[in-house]
Number of protein chains: 2
Amino acid sequence: MTAQTRKPARLDELDRNILRALQADAGQSLDEIARQVGSSKTPVWNRIRKMREAGVMGPSTVVVDPQAIGLDACFFVLIRTSEHEAEWQRTFLAALRARPEVQEAHRLAGEIDYILKVRVADARAYDVFYQALISEVRVFNVTALLSMEEIKTGTALPV
Amino acid sequence: MTAQTRKPARLDELDRNILRALQADAGQSLDEIARQVGSSKTPVWNRIRKMREAGVMGPSTVVVDPQAIGLDACFFVLIRTSEHEAEWQRTFLAALRARPEVQEAHRLAGEIDYILKVRVADARAYDVFYQALISEVRVFNVTALLSMEEIKTGTALPV
DNA sequence: TGTGAAATTTCAAGTCT
DNA sequence: AGACTTGAAATTTCACA
């Protein structure tokens, strides 16, 4: 159920064009997409179905402006730990998954063990999050990097 | 055109519920959403329109599985620079925005000046990206953190 | 504002070239 | 395989409470 699941999934040029169009705007009609990729409704629709089933694309979502809902602060958190037992890791991952302010979490290769992207209302709210986290699980060293400006954001992949 | 645009946008409980539903799955029908938030089609539709216009939510997109399109490597790149002139920054930002492998870029407070999230096919492709970047713009120090496992990903905000 | 129903589009399948 | 056709369901509009 985790990590490193191989997804072969051969995609041709038409598939990639469809993905590009959908990433730009998933709310478009089939006709528009078909026109953009230079094909017709039926084949486009069949390919979308196939890619959905293959897990190439997940459900569609809307991107919400964080500031509009009062989430003005974004931190990247670098975490070093001394513990590497399975049990510790299990608790840690569960804690991360349970906290909605953690937008992203990766286990890393090298000196730094984990990196998190955390979105909160302000610095005060980050401290609350931080205190809660270190009380739940033992970590060796934590560095928080505060974002001053989002230069680029987006989930769009170069397909 | 950049940074720190204030978006007051008063949202009530119904708005927030609608956002939650749309973040979970933007492909749902109006009827389903209305049922979930305990309202009816037209008011829900009006609020969605209003929030779209206000920029609270952007266009809907699909999340594409990176592995399915051969993007198996994910790096977080920490960048220190000695230059802080406006002209240098302009060039640097333009370079980041132009490169599709850069999924995210933030200007930071503190010792580290920038953090990037970069998605590429493999370590070799990362090196190509890295060489291209440092040939375009002078940077003092670059640290690349390789992700071994994506514990949590997603754009869903806790609205 | 929210409600209910009408008209226009769009989806999703089946069939045929 | 891709193009036409069709029934069902969705979106968007409009008049009313």
Side-chain angles (χ1 to χ4, degrees), chain A residues 6-65 67-70 154-157 159, chain B residues 6-70 154-159:
Chain A
R6 285 282 155 229
K7 297 264 178 59
R10 287 240 151 280
L11 302 178
D12 64 8
E13 202 47 46
L14 180 54
D15 289 318
R16 267 188 281 274
N17 282 331
I18 293 170
L19 281 182
R20 246 187 298 268
L22 285 177
Q23 279 195 122
D25 182 1
Q28 294 173 96
S29 75
L30 264 187
D31 277 322
E32 278 178 89
I33 296 170
R35 192 181 44 73
Q36 276 181 51
V37 303
S39 182
S40 200
K41 280 160 68 167
T42 320
V44 170
W45 186 78
N46 284 330
R47 279 153 186 271
I48 290 178
R49 266 195 68 74
K50 240 174 263 176
M51 289 194 282
R52 278 241 165 75
E53 281 166 18
V56 173
M57 45 195 260
S60 61
T61 54
V62 292
V63 289
V64 174
D65 177 7
Q67 304 213 6
I69 56 175
T155 55
L157 300 175
V159 3
Chain B
R6 284 283 155 229
K7 298 266 178 62
R10 289 239 152 281
L11 302 178
D12 63 8
E13 202 47 46
L14 180 54
D15 289 319
R16 268 188 281 274
N17 282 332
I18 293 171
L19 281 182
R20 247 186 299 269
L22 284 178
Q23 279 196 123
D25 182 2
Q28 292 173 100
S29 76
L30 265 185
D31 277 323
E32 278 178 87
I33 296 170
R35 192 182 44 71
Q36 277 180 52
V37 303
S39 182
S40 201
K41 281 157 66 165
T42 319
V44 170
W45 188 79
N46 283 331
R47 279 151 185 272
I48 291 178
R49 266 197 72 73
K50 239 173 263 176
M51 289 194 283
R52 279 240 165 76
E53 282 165 19
V56 173
M57 46 193 261
S60 61
T61 53
V62 293
V63 289
V64 174
D65 178 7
Q67 303 212 8
I69 55 175
T155 56
L157 300 174
V159 5

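Because the structure is predicted, anything quoted here is derived from the model rather than measured. Proteins get letters first, then strands, A, B, ... in listed order; numbering begins at 1 in each.
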| So do the side chains of L11(B) and M51(B) get within less than 4.5 Å of each other, counting heavy atoms only? | yes

Should E13(B) and R16(B) count as an ion pair when the cut-off is N to O under 4.0 Å? yes

In this structure, CD1 of I48(B) is separated from CD1 of I33(B) (nearest 0.5 Å) by 5.0 Å

Atom CD of E53(A) and atom P of dA12(C) are separated, to the nearest Å, by 12 Å

For DNA chain C, the expected dot-bracket line (Watson-Crick or G-U under 3.5 Å, [ ] crossing, | inter-strand) is |.|||||||||||||||

Side chains of N46(A) and R49(A): any donor to acceptor distance under 3.5 Å? no

CZ (R47(A)) and CG (D15(A)) are apart, to the nearest 0.5 Å, by 4.5 Å

Per side chain to side chain contact (heavy atoms under 4.5 Å, CB included), T61(A) is matched among D25(B), L22(B), T61(B) by T61(B)

Between the side chain of Q23(B) and the main-chain N/O of V64(A), is any donor-acceptor distance below 3.5 Å?
no

W45(A) CH2 to dT6(D) C1', in whole Å, measures 14 Å

With 3.5 Å as the limit, what N/O pairs link the protein to nucleotides 1-10 of chain C?
from: dG4(C); atom 1: O6; to: T42(B); atom 2: OG1; distance (Å): 2.9

One should read off an interatomic distance between L19(B) CG and M57(B) CE, to the nearest 0.5 angstrom, of 6.5 Å

